Structure formats: C-alpha cells, structure tokens
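These notes concern the structure reproduced below.
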2 protein chains.
Amino acid sequence: MATIKEVARLAGVSVGTVSNVITGTASVAKRRKERVLRAIQELNYHPNYVARSLKLQRTKMLGMIVSDITNPFFSQVVRGAEEAALKQGYLLLTFNTDDHEERERQVLSVLRSRRVDGILLVVAPSKTKPTHIVETLKAGIPVVCLDRLPPGIAVDSVTVDNVAAARECVRHLIAQGNQKIGIITGSLALATAQQRLLGYEKAMHEANLDVDKRWVRRGDFRSESGYQLGREILQEENRPTALFVSNNLMAYGVLRALDDLGLQCPRDLAIATFDDPAITQVFRPRLTAVFQPAYSFGYTGAELLIQRIESKTTGESPISIRLPTELHIRESSATIFSRPEARGEWETSST
Amino acid sequence: MATIKEVARLAGVSVGTVSNVITGTASVAKRRKERVLRAIQELNYHPNYVARSLKLQRTKMLGMIVSDITNPFFSQVVRGAEEAALKQGYLLLTFNTDDHEERERQVLSVLRSRRVDGILLVVAPSKTKPTHIVETLKAGIPVVCLDRLPPGIAVDSVTVDNVAAARECVRHLIAQGNQKIGIITGSLALATAQQRLLGYEKAMHEANLDVDKRWVRRGDFRSESGYQLGREILQEENRPTALFVSNNLMAYGVLRALDDLGLQCPRDLAIATFDDPAITQVFRPRLTAVFQPAYSFGYTGAELLIQRIESKTTGESPISIRLPTELHIRESSATIFSRPEARGEWETSST
DNA sequence: TAGCAAAGATGAATCGTTTCAGGCACGCCG
DNA sequence: CGGCGTGCCTGAAACGATTCATCTTTGCTA
C-alpha cells in the first residue's frame, strides 16, 4: 500500500507538499499540484486515515449502541444516524447489546480504546445508576442518548413525550366508547415503558374510569409476551373491551392470541399500540398506533452529537430534544358501534 | 487521556514493560506486573487502538456494505456478522448503499483509507463489470460477497441456490393443482432476481405448462411494485390462479392489491414468495415462503472473511459457501380444492 | 538591476503504540 | 572464582500522516 512518502518521491516534491495538496491546508503552485495528483492516481494512493487519526487526535468515527438492530424501530434509527454522520464525514461503528448492561459496559470500554469522537447510545435498562456512562462523560467523550434516558444523569438526549403520547392514545380508545381498557406494559426497567404506563393511568384517571388490576399486565416488549399476556387477559371473566399495548411487537402477539381464541379485532377487542413501521400497514387489521419518528431519532441525534464534538462544548448543560409523535388512527381501534362497514381511509391526527 | 508513557512513569517501569503486561507478548515479573496493573486502574488507562493499529498495520475492523439495513433480511445479516466478528475481536463499520453502485464505489474507497482488514459486501446491481471490486481485491484486501455474486469476478462468497429454491417453490404451487402460474420478478439487474426467474421457468417447463407473457412481470423488490403489478395481473381477463412473488415485500404489495379488488388469498389467488421474517407469521394469510438463513449469511460470511484475513491467503482460489434454504408451506398457497377448513398447523419441508 | 514582500516548499518533530537488540543481574557449574 | 545461560528490562526505531519554523523562489517596484 502506497504511502505519502512514495507519492512525494514520484512527484518529486516533499511530503509536506503532498499533504498540503490532499488536505488543502496550504496553497500549492498549480503545476506541482498537478504532478502530485497524477502521482496519487498512478500509485492508487489512499491516505492512511489511521495515521492521520493518530496525529490529529480524532478519528471521525462515532460509536452507535442499540439494543437490537433487528428491531425495525432501531434499524431505522441506525439508518438515520448513518445518513447524518456520513454527510459530515463521520463513520458509524455499530453494536447491539440486547439490553444487557454488562455488554454495554464492555462496548463502552472498546469504544474508548478505539478513540471514537462521540457515542450515540440507546441505553440498556439498569437497576443501579449507570456509572459507566458517567465515567465516559467524565473522560470528555460526548454522549447523546436516544429514545431512553438513563436515570439521574445529565446527558444530551433525543426523546419523545411518551406520557403525552400514551395518554392521547388511551383517550382515543375512551372516545371510541371503551370503558374497560387494559394495558400491556413493556419491561418497567425501561423509562419508556414506565412513561407509557403513566400516560395510560393519567388518561383513565381523567376520565374517571376504574382500572382493574387484572387488566394491567407487565410484558417485555417482545411478541411472545404479548401473546401470553393477551391470552391471559382475554380469558378473564370480566375482560376489557380495549387494550393499549405498549409496543407493536407485543400487539402482534395479542393479535395472534385473539386468533387462537377465535376472536377478532376490533370486533371483540379494540387495540391501540406504539411504533408504526410501514410494513404493518399491509395487514388486516391495520393497527392504530403512535408513530415515532425513528429515522429522525438517529438523524437528529447524530447531528447533535457532531455539533457537540466540533464545538467542543461537552460538559455544558445538557440539550434535550423532544421529537413529535403522531397518533395514526386505523381499524384496530374501531369499536362496535362506530366501526364503518366500508373499507375507507382513516383519519390521522397529529400531536 | 492517559498514555502508556504515563502508566510507565506511575508504575516506575519502562513503556516496553507496560506494553508487555497489556499484550502478554513477553513475561513480566509478578511484582512489576501488579504495579503496572494498579497504575492502569488508577489512571483509568485505555490503550490507544489507533496507535496500535498504525504500528501493527491492522485495524481489527471489518467493513460491512449492505443495500439497506432497514430491510429485515439485511438487518439480520448485519446482526449475524457482528456477532461473529465480535467473538474474534473485530468491529463492524456499517454502510448502506441503497443499491447504488456509485455509493458502493465511494464506500469502498473510504474503507481502504480506513485500512479495514476485510470487507463484507452485498454488492449493488451493475450493468458493467464492477472494476472497483477487482481493484480492492488486487490491493490485497479480502472481500466476501454475501447473497449476491458480482458477475465475472473470482471472489469468496456466501450464497443460496436461488434457482433450486424457486424451482421447488413453483413446483409446490403446481402440486397444489395450479396450472396458470405467474411471477413477479425482482430487478433483473440482480443475479438473485434472475436466478429466481430461471427457477420459475424451469419448473414450468418441466411440468409442460405454458407461460403467458402477461403473467411475467418485472418488479423491483419493493412493496409498491408488488402492489402495482399485482393489480395489473389480477385485472387481466385470463388471470393466473397462483403467483410466485420473488420477495416478501412485493408479496405484501400483492396482498394489498387483492384486498383493494375485493379478492382473497388463497381463495382467488395462491401466493408463494421468498424470504420469511418471523414477523409475517402473525398475519393472515400466513405466507408460504422460501426461508433464507439471513443471520447465517452474516455469521458465516464474517467467519470466512476473518479466516482469510488471519491466514493471509487472499487471492487463492475463491471459496463459495452455499447455505440451505427451507420451503415453509403455509396458508397462502392452499388451492381451493385442497384448502383445509380447520385452522391447523402446516407442514414444512426442507431443501 | 537591486531590493523586498509574498507565496511556496521543505523536512524534522510529533502523535502512542510495538518490537527487538542489547544490557543487567542472578544462579549454577566446573 | 570465572564463565555462561536464563530471565527480565530498557529504550530507541518504526508505523504514516500533519504541522510549523525556516528557507527558497517568484514577482513587482523604483
């Protein structure tokens, strides 16, 4: 692999000059510049970014930590982050933690050794205050948290107002005439799951509706738990007429449970959920869902992170960006008396 | 950020000794080793992998180029690759090309500058022989192609037998009593799409079945084209009774088209398709599909790549790994006379 | 044509590791 | 007691870029 020295020799100039041609740092006479460019072509020279990183003390690489890229929500987040990063010449080093805090610790350590310029983090749930994140910040490495906030830590973030979104969503179920409304929560170790539960409780309380304890079930954001808990709730003698399911994977599980029991949505149970990937619109019933701008999570987060990196203002008061959600109303939340017979398009309201 | 020199000073030893402790290259007396480890702790020292990479002339990083990580198939591939890479201490630098050759060129150039040790590539379709890949290989950088093979290039690969899989799939449709069978192909710039078409033609030919030209429609692997072409085919006066759809996204489009026209699958049209992500099993009708081991694509590919890197045998005769597919038979391909009335489980046969 | 400013070119030092030739100390053997 | 082998340590060179103090060239003016 050719080095800058070889290019310099072939072009008959000094290494400094070649460097100036490549980086544009200082001006180089036209004729020499051409000679250098020709030499670069001829040797098929690709500047060694490792050496450059060492000298400049920055790698133009971002660490990206998510729980699982296989989840359509996070793959969109990653995609958005990549786009924003690339646009400014940064590359993305991606990791999955499957929400294991231990793995997150390891990855963070690796990223420090790799000297990434900053880190985009979808933090794993944790019982204790995540000291590894504090340490990373203390070491002067900018971190932006996406989607979830680690408890008790001052850090930049891009989030969504889960409480308000869940509340609006449950209100919609109420407006459809439902009085007995249940919820399947995500893992309550996650702030997002807690917030959605809170939003549900608020909406119910405001409408003076009772919450039967048996209608509140604790899931883990995975399809299987939606299936299990859905079955359980549906087999209660006093079962709810509507269910707020805290994410879409679990909603699919509930649909499967309904199907198993020979029941139908929305005839026997209205459903509203969170997350709204394009793919689900193909299937019946179309799900009423809170749309989160997944792509923007990543894009905005990367932009914020890069801004922090380049302005060198890490440690100043954290910036919190709130992204808007949209409640997409579709078939799955139609109640018996309001369900249209025709297959029409459905309205959409936005927050 | 602490350096090895500072660690050495704090521990009262030379930098060479610290390096030996960290890498385990040479033996260090017990007491000194402990002093060094304590100093590392105290300074919270993280070895600078950039400097190490420069010295060792390898980065322990892999480039990963896919068309779109948002596609569930590719997100699984990436996940598998990450797992295999991490297990051997390699990191993944991920890029999306959206199947644009130009972007692929750019990314390849960036990866050379970054001095990645090897590249996992889902190659973009191309009219001409992709010289940029040849060049990369000539530069001595190992490349493993996943899923698709670039035409006319000797390169390691992990693929699936698309011809055989499509053929088996269409044979199944025939066995179900269908005689008029159509196909929606992917973009024929992609080898995989061509191969699936070929498999379809083989199966039809072997069964002495006519292929009406109007039943063969050229899509682009995206949902929208499935919808459009599905509508067109269904509105032919002599429409097929079954459709082989070359990937799952387009199959969803066809389902939407059916729905729009007030038709049902499989009553009015049997469907069999390619790719079989877990999520689709939730919905009715469950799709008969050729399952591809997406995760294994990535995992196997990364293993092969790392083996090539570490044995330094690039340029030797290429290794081609063929992964097995499985035909998952479900509701969508049941024909009128064979469709069971009960909701039972469906058989699965494997290739 | 001499003088001078501005523009351009040079090359050594530097970034933080690894590696290796050489030095030191110790113990064992004859 | 001298010689030698062994085990540990040390420190300088090298990896390939950037940068900057310093030197050279160029072009302009009087």
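For clarity, every value in this text was computed on a predicted model and none was experimentally measured. The sequence lines fix the lettering, A, B, ..., with proteins before strands; numbering per chain opens at 1.
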Review point. Can you tell me if T59(B) uses its side chain to pair, donor with acceptor, with the backbone of R115(B) under 3.5 Å?
Key: yes
Check your understanding: Atom CG of L62(A) and atom CD1 of I65(A): how far apart are they, to the nearest 0.5 Å?
Key -> 11.0 Å
Lys/Arg-Asp/Glu bridge criterion (N-O < 4.0 Å) met for [X], [Y]:
| X | Y | value |
| --- | --- | --- |
| E101(B) | R105(B) | yes |
| D99(B) | R148(B) | yes |
| R79(B) | E83(B) | yes |

Check your understanding: Reckon T25(A) touches a base, only the sugar-phosphate, or nothing at all at heavy-atom distances under 4.0 Å?
Key ->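 Here T25(A) touches the backbone only, sparing every base.
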Check your understanding: Rounded to whole angstroms, how far apart are NZ on K33(A) and P on dA7(C)?
Key ->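 That distance rounds to 15 Å.
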Exercise for review: Using whole Å, report how far CZ of R114(B) lies from P of dA17(D).
Suggested key: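 Going from R114(B) (CZ) to dA17(D) (P), I get 14 Å.
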Check your understanding: In the 5'-to-3' direction, what one-character label does each nucleotide of nucleotides 9-17 of chain C receive under the scheme B = base within less than 4.0 Å of a protein heavy atom, S = sugar-phosphate only, - = no such atom?
Key -> SBB--BBBB
